[in-house]
Amino acid sequence: MTAQEALHTYFGYDAFRPMQAEIIDSVLAGNDTLALLPTGGGKSLCFQVPTMVMADNDADGEGLCLVVTPLIALMKDQVANLRKRNILAAAIYTGMTHEEQRVVFDNCLYGAYRFLYVSPERLESETFLKRLVQLPVKLIAVDEAHCISQWGYDFRPSYLRIADIRNVLDVPVLALTATATPEVVDDIQRQLGFKQPNVFRTSFARENLHYVVRHTEDKQGQLLHILQRVPGTAIVYVRNRKRTKELAEWLNEKIGNQSSIVNYPIVNFYHAGLPASERSAKQQAWKDGKTRVIVCTNAFGMGIDKPDVRLVIHYDLPDSIEAYFQEAGRAGRDGQTAWCVLLHAPKDSVIVKQRISNNYPPAEEIERVYQLLCDYLTIGLGSGRDATFALDVEQFCTDMHLSFLTTYAALQILTQAGYISFTDEQNLQPRVRILIDKEQMYHLDESPYQERLLSALMRRYTGIFTDAQFIHLPRLAEDLGSTEFAVNSSLIALSKQRIIKYIPAQRVSIVHFPVNRQAEVQLAPRVYSERKQVFERNLKAMTEYAENNHYCRSQLLLGYFGELEAPLCGMCDICLQNKKSEGK
Ligand code: ADP
Ligand code: MG
């Protein structure tokens, strides 16, 4: 089977997008490969297609691709998408029970699984690595590969473990990212131990996108003005969650009456603090065109592929130019003209300086958060290794009299330093513990349905009498031949009768301890001072871009984009002159 055939057979597409074929050929030739494609450029297919080809051409029909990716939500999406195409795929991430993980491994070992998605923290577990080497892995795909570089904006220390896997699995690696700064590009290849440098990229400059900076004292007024002038779907990025709601409500008052569809305001808001169901409803309404403008934090947009976004407006300065272009690049995927507007007020450059101390609190403060966190979770000195906890960060801050912003930043830094592994707000599965003993169970006078539910719980989840176990509602519903809703109601009923303790699904943050509690915290320059410098430098570059955008081909941007073309604003003197001379 060829790559072209696999594209057609398994994915139903006719042609490769720019660079996909070249990247796939390189992988199939067994070369370590770094693929730099913009968001939405189609990076996933670059490892999915060759895996299908390799498995198809394998004498035993074996072939598994290990995909390392930090985004649990996207992981689940991708698994679901592959399954829709009848391709077996599974995921292992923090928060799953040992039993659930074992089932996934067995499937990969004995079933015709093609993709195993894992979150990077899993790579730190010895058990995981021991099991991994038994699997028929043919390719390692490292998605969001900039996470391996301390120069990237999202460095994850557990990504460095991928190098260890390379020592035990002798297969090629494909690294994928949308970040293309020269430092990150070099770092990824070095950290992953590329046999030789091998980079593929498409131009990041997209002719149809117009980048504009609007200098104004009245951002709100400008925002309204632009939304009234440029028709079509829009995204407005704001940094503050509360502000997304306020702005959306204000805009709705001004332009909302243009909407003909009730229940779907023409302007809506979105941030990571909303319940999952609400978020997906809002996202869907926007995707379907029922909502025109979404006012959101940067939690919106990852993995969203809407081709006809005409406008991306940034109300606040992002932290870096890369982040800016990543978000702005969600405009105009269909190749039609689209606008990326950055609103900039004179005082912005001063305000953003505050972010440096918010993101990098003093080392003593970070140490204090660590020790208080261990106390809070009752982890004694020298213990705690491999323990996982659900943490309500706000509650923790209230109870321990800590500031939310600093604590949040400290948890991130402690993660970078390897003391903990903190995963922000993810969907935790519901948990159940049976409160009565087996003897008492026989004397219960329950409905047949509840009896069957109880025995299904006992059968599926060993240890359910001693500890609350994560349960899987769809699976239980399947066991009982009923619906998730019925199982849920029944669990609630049983818990009211104090037969079980039921903790419904919730959104929580998770803290995992890769090492025992330490007496003190050492912050290496690699995780603190150097990163702080990078953060400052990125922020400064972003500020300069906002202040001097009329030099859109400035050294600054060329520095960021390497030998690539810097994006054109289409508005500045230089651009207009170029246009004139082209026209001649
Ligand atoms: P990235 O990871 O680069 O942001 P994805 O891999 O998520 O992008 O792909 C974005 C979308 O493009 C997906 O919906 C995917 O199915 C689609 N896509 C990718 N390659 C092709 C192709 N060759 N033809 C048609 N659609 C494609
Ligand atoms: Mg992707």
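Position 1 is the first residue of the sequence; numbering continues from there.
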Which pairs would a plain distance check flag for residues 229-237, meaning a side-chain donor or acceptor within less than 3.5 Å of a matching protein atom at least two apart in sequence or in another chain?
residue, atom, partner, partner atom, Å
Y237, OH, F300, O, 3.0
Y237, OH, R330, NH1, 2.8

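Partners of K540 under the salt bridge (Lys or Arg N to Asp or Glu O under 4.0 Å) rule, at least two apart in sequence or in another chain, are E544. Considering only residues two or more places apart in sequence or on other chains, F396 meets the ring pair (Phe, Tyr, Trp, His ring centres under 6.0 Å) condition with Y376. With sequence neighbours excluded, the residues that form a salt bridge (Lys or Arg N to Asp or Glu O under 4.0 Å) with E365 are R368. For D308, the side-chain hydrogen bond (donor to acceptor under 3.5 Å, both in side chains) partners are K306, not counting sequence neighbours. Partners of E536 under the side-chain contact (heavy atoms from CB on, under 4.5 Å) rule, at least two apart in sequence or in another chain, are I356, K532. For R243, the salt bridge (Lys or Arg N to Asp or Glu O under 4.0 Å) test picks out E246, with sequence neighbours left out. Contacts of Q395 classified as side-chain hydrogen bond (donor to acceptor under 3.5 Å, both in side chains), with partners at least two apart in sequence or in another chain: D399. Q416 pairs by the side-chain hydrogen bond (donor to acceptor under 3.5 Å, both in side chains) definition with R531, not counting sequence neighbours. Considering only residues two or more places apart in sequence or on other chains, Q191 meets the side-chain contact (heavy atoms from CB on, under 4.5 Å) condition with I148, L160, D187. Legend: residues meeting side-chain hydrogen bond (donor to acceptor under 3.5 Å, both in side chains) with S158, ordered by chain and number and at least two apart, are absent. Residues meeting the salt bridge (Lys or Arg N to Asp or Glu O under 4.0 Å) test with D316, sequence neighbours left out: none.
L391 places none of its side-chain heavy atoms less than 4.5 Å from the side chain of F389. Side-chain atoms of Q533 and Y360, non-hydrogen and from C-beta on, never get closer than 4.5 Å to each other. Looking at heavy atoms from C-beta onward, K254 lies in side-chain contact with W250 at the 4.5 angstrom threshold. Side-chain contact between Q189 and V199 is present, with heavy atoms from C-beta onward closer than 4.5 Å. A heavy-atom distance below 4.5 Å is not found between the side chains of V293 and I266. Residues L34 and L192 form no side-chain contact, since every pair of their non-hydrogen atoms from C-beta on lies 4.5 Å or further apart. In this structure the side chain of T415 never reaches within 4.5 angstrom of the side chain of E121, judged on heavy atoms.
What you find for A345 and K219 is that their closest heavy atoms are N-CE, 3.7 Å. When all heavy atoms are compared, the tightest approach of V369 to L411 is CG1-CD2, 4.3 Å.
Each of L343, I351, V352 was compared with L317 under the side-chain contact (heavy atoms from CB on, under 4.5 Å) criterion, and only V352 meets it.
Note on ring orientation: taking the six-membered ring where Trp is involved, the planes of H344 and H215 are perpendicular (angle over 60°, cut-offs 30° and 60°). Ring orientation note: the planes of Y545 and Y324 are tilted relative to one another, at an angle of 30° to 60°.
Side-chain polar atoms of E484 and N488 form no donor-acceptor pair below 3.5 angstrom.
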